[in-house]
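Heads up: the structure comes next, in structure tokens.
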Amino acid sequence: MAWWREDVELNSHHFHWHQVYPWSGINGKTKDREGELFYYMHQQMLARYDAERMAVGLPRVVPYEDWSFPIPEGYDSHLTDYYGTHQYSPRPSGMTLADNYADDPNNPVVVNNQRYHYHRILDAINTGTFTTKTGQEPVNIVSLGAAVEASISSPNMDLYGSVHNYGHDLTSVITDPDGRYEQAYGVMGDTGTAIRDPIFFRWHKFIDGIFVSHKVTLNPYTNDELRFDDISVDNMSIETNQHFVEVTDKPMPYIPALGGRGLLAPGNILTTRMEKQKVDISKDMFLQQVDPDKPHTPVYVEVNQVNHKDFSYKFTVTNNTGGNVQAAFRIFMAPKIDQHGKPILLTDQRRLFIEMDKFVEDLTPGKNNIGRSSTLSSVIKPPGKSHDDILALLKKPEAGPDEKSTGDCKCRDQRYCTCGWPLHMLVPRGTPAGMRFDLFVMLTNWEHVDTDDLDQGTSYCGVKDEEYPDKRAMGFPFDRQFDSKEYPPQKAYIDSLVDDFPNMLTIPITIKFHQEAPNA
């Protein structure tokens with residue numbers, strides 16, 4: 001799994017997200033729904049990592065819950081930090097968390113204090129109330145995210161601590177917790193490198209469990225919240241193009257889906273492969289030329305990364321409302337079969353669903369044929385450009401006063417053009433034999449949502465200085481448990497849910513991985 005955890009652009013995404021949403025806030029404030037987005041973005045990282053682990057026959061991530069036991073897996077990045085001041089300390093296998101005196105001997109991070117703060121957060125979840133310094137306030141996903149991280153918006157940092165942040169700190173100094181050897185910290189202490197270490201995902205699986213404890217206290221979504229009256233998704237399919245991904249801003253042509261509602265159409269196969277990519281590191285501070293006006297000489301390193309063939313979604317939707325409506329298309333996918341070869345029940349699968357895209361379309365009365373390119377996904381960012389390319393694009397005269405050109409996309413300046421999931425990692429790798437997934441779409445009414453800000457990167461990164469561009473809970477409808485009477489946990493599958501709601505549809509798809517690049 002090192003190829004996935006150590007992907008350069010994936011690490012850049014995690015670093016960039018925490019720059020956009022710093023725990024310390026900006027001008028003393030955190031942003032709209034920042035605590036919820038902290039939960040959701042990391043939950044999606046876990047879901048994607050679990051899918052990759054299942055593809056190579058590994059079990060899903062086990063949370064790091066008992067801090068008294070040694071951590072069996074070790075890690076060594078063999079990296080130095082950006083400034084070249086130190087090499088990140090390795091973390092040998094078998095190490096146990098210890099109180100951190102290295103950062104501040106007068107104010108150590110004590111493991112038992114972490115346990116105390118964790119249990120106080122659980123108390124708040126169980127009672128539904130945070131104790132603030134001036135009174136009480138109800139627990140919701142935004143305030144819970146602020147308490148867990150902890151950000152400047154924490155309801156009470158003295159009582160609820162900094163469980164997430166201090167967990168990173170404790171693991172980063174695990175080999176020299178009292179600083180006696182003056183060792184450098186490990187990769188877990190840096191948002192630009194933390195996800196390289198396997199313990200990152202075990203730690204965040206524990207953190208995610210806190211949010212799950214809150215979500216299970218909420219009532220399941222009602223039928224009224226899940227349905228979209230007089231709207232039905234009749235067909236869905238995917239069509240793979242012959243080239244591997246490249247950005248386009250042109251909508252894909254529509255090709256009618258085959259078969260009846262939910263039937264597998266020929267060609268519902270996604271193709272991935274491992275590629276060698278060259279990365280220009282000539283703008284590293286130790287390689288930069290003194291004269292900025294002279295063209296620099298590229299310095300390339302070669303890295304392995306997964307990629308997939310570009311594809312498009314095809315939908316046939318019937319609008320029986322008698323008028324035009326705006327509908328949000330919410331697209332997810334999740335593994336269909338577990339590592340033991342058994343179908344995954346809805347109660348477990350809901351936490352494995354990966355958001356693939358979210359977009360809005362106007363539906364006219366009757367049949368509507370909708371096409372959507374994967375390269376326009378609301379979770380991804382455009383491929384990166386070199387420093388010189390970006391400077392050249394920004395100098396283009398055709399960029400209007402309310403636009404900034406970044407890479408191959410023109411974004412309004414209030415959007416985070418470079419924040420988002422790497423495009424080449426949008427599709428899970430799959431297996432050589434073909435890994436089975438459930439592709440799911442749900443249409444919801446967008447009529448009363450006053451925003452047109454859905455764009456590349458907005459699902460995981462939001463919109464700069466604006467409200468998050470969706471009124472629904474992040475991850476809807478999979479963020480809550482489903483009604484156990486309607487969908488018994490030991491019997492219900494995703495098909496059971498979809499059969500009850502015409503505005504939903506799921507189809508089985510296959511993801512095939514080619515170790516060597518295919519001829520096509």
Side-chain angles (χ1 to χ4, degrees), residues 11 13-47 63-65 67 97 100 103-104 107 109-111 113-125 129-133 137-172 185 187-195 197 199-215 416 419 460-462 468 473-475 479:
N11 279 267
H13 159 70
H14 184 250
F15 171 79
H16 194 143
W17 190 94
H18 280 281
Q19 294 300 302
V20 171
Y21 292 96
W23 67 266
S24 55
I26 296 177
N27 297 325
K29 296 181 180 179
T30 51
K31 301 176 183 177
D32 180 57
R33 295 172 69 177
E34 182 170 328
E36 182 180 10
L37 196 52
F38 169 80
Y39 142 72
Y40 183 59
M41 192 280 290
H42 289 91
Q43 183 273 330
Q44 286 287 286
M45 291 184 72
L46 284 166
Y64 179 42
E65 296 178 307
W67 308 332
L97 289 189
N100 174 12
D103 290 338
D104 185 354
N107 187 27
V109 177
V110 179
V111 175
N113 287 350
Q114 281 279 90
R115 293 189 179 97
Y116 172 82
H117 294 310
Y118 165 60
H119 286 289
R120 299 295 73 74
I121 292 175
L122 293 185
D123 288 344
I125 292 172
T129 304
F130 278 121
T131 299
T132 69
K133 293 184 177 181
E137 68 177 53
V139 174
N140 58 48
I141 192 64
V142 175
S143 59
L144 181 60
V148 171
E149 187 179 11
S151 75
I152 194 173
S153 295
S154 171
N156 188 340
M157 200 170 292
D158 291 337
L159 184 58
Y160 303 113
S162 185
V163 174
H164 163 264
N165 293 339
Y166 284 167
H168 277 265
D169 292 345
L170 287 167
T171 50
S172 73
Y185 57 84
V187 294
M188 277 286 281
D190 188 330
T191 57
T193 55
I195 66 175
D197 191 334
I199 196 62
F200 172 92
F201 293 93
R202 293 196 60 199
W203 177 245
H204 271 274
K205 195 62 172 282
F206 162 74
I207 293 296
D208 189 61
I210 300 176
F211 294 108
V212 171
S213 297
H214 164 67
K215 287 286 187 176
Y416 299 127
C419 184
Y460 294 168
C461 298
Y468 186 81
M474 297 177 196
D479 62 301

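Since the structure is predicted, the reported quantities are computational estimates derived from the model, not experimental observations.
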[X]: which residues meet the side chain to side chain contact (heavy atoms under 4.5 Å, CB included) condition with it, sequence neighbours left out?
| X | result |
| --- | --- |
| I26 | P22, K31 |
| K133 | N156, D158 |
| V212 | D208, V216, R351 |
| N165 | W23, E149, S162 |

Residues in side chain to side chain donor-acceptor pair (under 3.5 Å) contact with [X], at least two apart in sequence or another chain:
| X | answer |
| --- | --- |
| S143 | N140 |
| H214 | none |
| Q114 | none |
| H13 | none |

Counterpart residues, salt bridge (Lys or Arg N to Asp or Glu O under 4.0 Å), relative to D123 (two or more places apart):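 For D123, the residues satisfying salt bridge (Lys or Arg N to Asp or Glu O under 4.0 Å) (neighbours in sequence not counted) are R120.
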For residues 160-169, pull every pair meeting salt bridge (Lys or Arg N to Asp or Glu O under 4.0 Å), keeping only residues two or more places apart or in separate chains.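 Matches after skipping sequence neighbours: none remain.
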Sequence neighbours excluded - salt bridge (Lys or Arg N to Asp or Glu O under 4.0 Å) pairs with any residue from residues 15-26: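 Qualifying pairs, neighbours excluded: none.
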Short side-chain to backbone donor-acceptor contact, Y166 and V110, under 3.5 Å: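 Not confirmed, Y166 side chain does not pair with V110 backbone.
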Determine whether a donor-acceptor pair (N or O, by modelled atom type, separation under 3.5 Å) exists between the side chain of W17 and the backbone of Y460.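 Yes, the answer is positive, given that a donor and an acceptor are paired below the 3.5 Å cut-off.
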Contacts of type ring pair (Phe, Tyr, Trp, His ring centres under 6.0 Å), residue Y39, not counting sequence neighbours: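 Expected list: F211.
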Should the ring pair F38 and H164 be called parallel, tilted or perpendicular, given that the plane angle runs from 0 to 90° and is split at 30 and 60?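 If you compare the ring of F38 with that of H164, the planes turn out perpendicular.
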Parallel, tilted or perpendicular: ring planes of H42 versus H14, cut at 30 and 60 degrees: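 The arrangement is perpendicular - the two ring planes meet at more than 60°.
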